[in-house]
Amino acid sequence: MELAFVTSNTGKVEEARKYFEPLGVRVYRLPVAYPEIQADTLEEVALFGVEWLAKKIKGPFFLDDSGLFVEALSGFPGVYSAYVYRTLGIEGLLKLMEGVENRKAHFRSVIAYWDGEAHLFTGRVDGEITNAPMGTEGFGFDPIFKPEGFDRTFAQMTTAEKNTISHRGRALRAFADWLKENLK
Ligand code: ITT
């Protein structure tokens, strides 16, 4: 089986490939741009995205909308994570957190699969923002996110290890379980 992943982010593709490879599913990237609306939740952004893309793409596909939610910043950057990553970057986020004691944060990922209708799968991982970047693996905010129960950041883990605990890994698991049940 093959699955089309609509994203500009090759890091996300790598994680989905690693996840699905042992299940005999090949993931390939469809580089189609779509509007990311301003909304309060990742679910709304993802749903608008698949419904918009469904008018342009033939056949099933999925996308992933994700974000980093920092407790001390009232959930910022959250749905604005891509914009904040592009503009402030990791260093900018660390600056915002200077002197902040509560480092708690979580990542959420919403996968939206379109097969004539939309199906949403979500995952979350809790952790904290480090004081400085650590590691070179992964992408995005990985070097400053340390998942609960680990003394390493996501950027200090392999893709396979990150997948076992990450927001995206969990959403991918829910998606894969659903596919197993529904593609019999
Ligand atoms: P798309 O084309 O798939 O939208 P994107 O990178 O713009 O790619 P999002 O709109 O979902 O992705 O924005 C999420 C941002 O949050 C993204 O820029 C990353 O910097 C960050 N992010 C999401 N998942 C992450 C992860 O697993 N590790 C580190 N940073 C992550």
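Just follow the structure's listing: the first ligand is 1, and inside any ligand the first atom is 1.
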Note: Arg108-Glu43 ion pair, threshold 4.0 Å (strictly below) = yes
Listing by chain and number, which residues have a heavy atom under 4.0 Å from ligand 1?
-> Thr7, Ser8, Asn9, Lys12, Tyr34, Glu36, Asp64, Asp65, Ser66, Ser81, Ala82, Tyr85, Phe107, Phe139, Gly140, Phe141, Asp142, Lys162, His167, Arg168
Is the Phe175 to Phe20 ring centre distance short of 6.0 Å?
-> yes
Step through it carefully: locate the ring centre of Tyr113, locate the ring centre of Phe121, and say whether they are under 6.0 Å apart.
-> no
Contacts of type salt bridge (charged side-chain N to carboxylate O under 4.0 Å, His left out), residue Arg124, not counting sequence neighbours = Asp126
Is there a salt bridge (charged side-chain N to carboxylate O under 4.0 Å, His left out) between Arg168 and Glu15 once you walk through the steps?
-> CA-CA 8 Å; Arg168 185 162 303 98; Glu15 291 179 11; 2.9 Å; yes
Using the side chain to side chain donor-acceptor pair (under 3.5 Å) rule, take Arg29 and Thr10 through it: C-alpha gap first, then chi angles, then the decisive distance, then the call.
-> CA-CA 8 Å; Arg29 187 170 83 90; Thr10 53; over 6 Å; no
